[in-house]
Amino acid sequence: MIAGHRGALALAPENTLSGIQKAIESNAKWIEIDTQLSADGVPVIFHDESVQRTTNGKGNVSDLTIHELGKLDAGSWFSEEFSGEKIPTLEEVLIFCLDNDININLELKIHHPYQAVSLVEKVSEVITSVNFPIQKLILSSFSLLAMQHCFHLIPTIRRGFITEQNPLPLIEDLTSINLYSIHIEYKILTQSLAQTLIKSGYQLIIWTLNDPLQAKKFKDWGVELIISDRPDAFIDI
Ligand code: G3P
Ligand code: MG
């Protein structure tokens, strides 16, 4: 199974509705997107701490209101074709994915530890208000703290820990929050690590694999989901 990374990173501006649309057109059943809070506490879909790289604005997402973020162009930096593309709210994306029957791996972006509780609370409110089916959702984060808050506040929603290192030294902490999945950088995954993690009860998700020729190997190792910038390249896998 394939998940479009940040929508479909190579095909459209990241974390936008157009990117998610590209993933859908590529036949992906999943998307991976990032969320964080605006200054006035609205979960938006955005990767970096600052808006500089992927919009025509300046400053940090957490210092800009939803009104200010809503005025930014999040598409022109990628190409003219996408000029005027907006930063979507989590609510808009959940509704869009519901309408298109797409599963979501929602990454909670924690740029500072104090952001974890409020982000989990607000994300939980939006999921509830939209009535998004939790069987179509995995929450994940590089932040163990965020996943601990998810375990305590919204335990019924599946949780995954993202890592670019061997997670075994953290296994006690991971076990204590009853995770569903480990989301591991594909370059550091070995067959033996895959076996150990699967035996320990975790689903394996890898990122960010863009070479479809490697997909079979990872599938044979038991990987459940491949996050890719090029969901269209995996069409026949
Ligand atoms: O969720 C896996 C992957 O998205 C983590 O890296 O920086 O693209 O959010 P990043
Ligand atoms: Mg991400």
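Ligands are counted one by one from 1 in listed order, and the atoms in each one are counted from 1 as well.
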Passes side-chain contact (heavy atoms from CB on, under 4.5 Å), V93 versus L17? Steps please. CA-CA 7 Å; V93 164; L17 291 182; 3.9 Å; yes

With E49 as partner, the option from Q36, H112, K109 fulfilling side-chain hydrogen bond (donor to acceptor under 3.5 Å, both in side chains) is H112

Can D40 and S38 be counted as having a side-chain donor-acceptor contact under 3.5 angstrom? yes

Atoms of type N, O or S from the protein that sit nearer than 2.8 Å to the Mg ion (ligand 2) number exactly 3

Within the supplied structure, the quantity of interest is the number of heavy atoms (other residues, nucleotides, ligands) at a distance under 6.0 Å from E92 CD; does it exceed 12? yes

Within residues 10-58 or reaching into it, pairs that qualify as ring pair (Phe, Tyr, Trp, His ring centres under 6.0 Å) - sequence neighbours excluded: none

Collect the protein residues that have a non-hydrogen atom under 4.0 Å from ligand 1 and hand them over in chain and number order. H5, R6, E32, D34, H47, E107, K109, F142, I162, W207

For residues 127-136, the salt bridge (charged side-chain N to carboxylate O under 4.0 Å, His left out) pairs (sequence neighbours left out) are D101-K136

Within a reach of under 6.0 Å around NE2 of H67, are more than 12 heavy atoms found that belong to other residues, nucleotides or ligands? no

Regarding D173 and S176, do their side chains bring together a donor and an acceptor under 3.5 Å, going by distance alone? no

Between the side chains of S18 and E85, does any donor sit under 3.5 Å from an acceptor? yes

